[in-house]
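Every heavy atom of this structure was used, including side-chain atoms; hydrogens, water molecules and symmetry mates were not. Note on naming: letters A, B, ... go to the chains in the order of the sequence lines (proteins, then strands), and numbering restarts at 1 for each one.
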Amino acid sequence: MQDFTDLYWRLDGTTKTQEKVTALADFFAAATAADAAAAVGVLCGARQLRVVSTRQLRQWVAEETGLPDWLVEDSYAHVGDLAETLALLLPEADPAAAALPSPGLAETLATTIHGLRGASDDRKREVVTATWRRLAPRERIVWHKLVTGGLRVGVSRTLVARALAGLAGLEPAVMTHRLMGLAGGGLDAEGFGKLLDPETAADDRRPYPFFLASPLEETEPATVATALGDLADWQAEWKWDGMRAQIVRRGDDATIWSRGEELVNEAFPELVAAAEALPAGTVLDGELLAVSAAEAGPLTLLGFAALSKRAGRRRVPKKILAEIPSVFVAYDLLEQAGEDLRSRPLAERRQRLETLVPDCFAAVLDRGGEAAAPRLFTSPLVDGDSWAALAARRQESRARGVEGLMLKRRSSPYRTGRVRGDWWKWKIEPLEIDAVLLYAQAGHGRRAGLHSDYTLGVWDGERLVTIAKAYSGLDDAEIVEIDRIVRATTLERHGPVRICEPTLVMQLAFEGVSASKRHKAGLAVRFPRIVRWRRDKTPADAGTLDDLRRML
Amino acid sequence: MPSPSSPLLEVTSAGLYCAAGDFFVDPWRRVERAVITHAHADHARSGCGRYLCASPGKPVLRTRMGGNAVIDTVRYGEPTTINGVTVSLHPAGHVLGSAQVRLEHKGETWVVTGDYKLAADPTCAPFEPVACDVFITESTFGLPVYRWPDPASVAAEINAWWLANRDAGRTSVILAYALGKAQRIAALLDPAIGPIVAHGAVMKLVEAYRASGVKLPPIDRVPPRARRVGGGRALVIAPPSVLGTPWLKMFGESSIAVASGWMTVRGVRRRRNVAAGFVISDHADFPGLLEAVRASGAGRVLVTHGFADVLARYLRERGLDAAPLVTRFTGEAADGADDGAADDEEP
């Protein structure tokens, strides 16, 4: 645990890629296979078991320290990181317990996390308090994050792959592929050995590393043309509002992998059945989409919110299966007849895809209705004989329920990760409104103790009603300045939330407006974020609820 | 006993006012008579008619208030009378000459702490508990997450950091509040490691400290418009306001650290974006605040700047008559200069 703690703080202490890779390589070279395997799982974002709730931890800390619950909460609001808050509140480690040899990461996970599955609360508490007594505060922070399943390290899988590839003498791309599909956990010492063994064959079910598109900064047709050149070199598709996924059809079965590399077969049983009909040795890249039920009239897209009602489930009830049917819209073919096609040009992959999956989603959408039969489609291409024509098509996005256009270079291979140049997302410009800062709350992480989370409102007649919470969009200096204003203009405090005198106006961007019974305003904005602080405006200049209703 | 109808001290628009004695404690406006706990800018404003401070604090207060200020002094613990109110000053352990102000009138005793700490500090007299009926305490670090490490272990950390930098040929720059923290750190440094140099704002107060008899290691002033100072071996003490200014460029490759109680919290450390953070403060930590309250024996506690609401509520739940008291003292500036006030920029 000590070695892993040191690694955590080394990674935390630098923003330089090479230093991170070196820290990882040092750790893996020195660790036992069991600890290295456990660390790979943790670093690659394997879903962690949560046997102890954060509520229990807070309660036990309050009891151990004799502090009232509210003071633990106030401390958390100030520090902005629960694992750290609890580590700071607890008394110093017991020197006798701390002097004992520190168990490694694998053993720590086994005894203090996996071993507590199904244990009584008393037993959990006993193990947790004993662990507190032997860990120093810096170890406690890391351990708290492990126990609560909230460990995020500022390190990408690519860096882990680089470190391991160096150790094994393999290409980073090969290692990246070997690391795929580990999000479900379950890498053990033997598995770690195989990871480094040059002779290991590719896993049958493993997806390929996803190629990610970059946002296009230009938005005007003329500037897009300048940036991307001849339209004939590009393929345009709709940018779907769903979940990126790969269907891997190899051997006897089919698996569906989310971009977070979780196996989502259980959440999409009807798609698994459809995927099994594909010929063996096929890998498709595409989007999971939720569509309206067949009985409900013409088929329409339901959007990401509906899809997420299904995504995390282990078992999907019949009712939801019927209400939120899903389809898979394929836009790339990565493997055919067991052959890795990723280095072939997109144009060729697309042609093969259309042969393999003949049903085009456009036909279904335009025809309406018949969603029941096929569940796998190809993603339609969006035509336009000029950048201007394509830009005009892009303006249909909001009405179609998509996020804009994808532009892909016809000659491009299927790359790994977010590599700029060949795949671009040309999203539609967001909707905007000027809104007034009404409540503020202290942030987390780097913004701990600074009021950086804002609730904003617009006018409803003579009063301001809240419409959105926004966390991002301002720079550090602005946040510090706003923090001072918030403190100086606080009217009331409710725990960590300050109600402020309305003085600050923010330009708020969002992707759409929908009716909502949950919000006082009667509507909700999607993906709100602050574009800029309008120092030139006063609350009287802010937008109104009627402005938002017109965007519904 | 405290009578609610005529408190011995009350907050007015000009500051904490003692009507019975017609004087102010740490006023935030120009007034005729000011009793000063210590020379930080949020406690000592220039332009008052007369100042009263503890005698060890006079050279420092003089540096801050200017040559023409009328400054009376009393020794720690020596009572004096202002319009029938007995006033005495007692060590607060915050910075050189810092004092708690004890007021006694008609059998009732009040103490105003100003800023204080209980931890050891070789550059000033240690905090002395003073018994009272009403205790007015600061609460800059009034949350239980603030619990200071032993200053000796922090000193060892700072010296180890300096040594490692020196061996790597990097200058060490430590950002610390010009009055108090800078001198305290200087006193903790091991001069065998290399030369110690300081920013002009710090030097002025180093001289005032020396004039008061505080022993500090040899420190050189950074000359104006100097280049290549320190040769990668020196430790530079500078006020936090130099961060991000060209002034730092004269040291070549350097490692920058902040010394402040706020460095306890990782988010704050990361936000300051410096190589190291040392947890050392001239304010009381949470256990220190509770200990000071307990030692005063006061039944009524008024809590000023910092986490006033939090500390007052906690004390109330433990059976004390406690309430927040709104003042204009600062000390909450986690993103400002330091855990003192933001007046580190000397002209």
With sequence neighbours left out, write down each residue that passes ring-ring contact (aromatic ring centres under 6.0 Å, His included) with B/Phe286, or none if nothing qualifies. B/Tyr314
Sort and list the pairs that fulfil salt bridge (Lys or Arg N to Asp or Glu O under 4.0 Å) and have at least one residue in residues 146-157 of chain B, not counting sequence neighbours. A/Glu92-B/Arg147
Is atom CZ of B/Arg30 surrounded by more than 12 heavy atoms (other residues, nucleotides or ligands) closer than 6.0 Å? no
Assess whether atom CZ of B/Arg318 is packed by more than 12 heavy atoms of other residues, nucleotides or ligands within 6.0 Å. no
Does any non-hydrogen side-chain atom of B/Pro144 lie less than 4.5 Å from one of A/Thr65? no
So with a 6.0 Å cut-off around CZ of A/Arg55, is the heavy-atom count from everything else above 12? no
Comparing A/Pro137, A/Gly443, A/Ala87, A/Pro91 against chain B, the one with the most heavy-atom pairs below 4.5 Å turns out to be A/Pro91
Check the orientation of B/Phe307 and A/His78. Use parallel for under 30°, tilted for 30 to 60°, and perpendicular for over 60°. perpendicular
Toward chain B, the part of A/Leu86 with a non-hydrogen atom under 4.5 Å: neither
Counting only heavy atoms from other residues, nucleotides and ligands, does the tally under 6.0 Å from CG of A/Asp69 exceed 12? no
For the candidates B/Val145, B/Asp309, B/Val265, which exhibits the highest count of non-hydrogen atom pairs separated by less than 4.5 Å from chain A? B/Val145
Rounded at 0.5 Å granularity, tell me how far CG in A/Leu89 sits from CG in B/Leu143. 9.0 Å
So does B/Arg266 pair up with A/Asp12, basic N to acidic O under 4.0 Å? yes
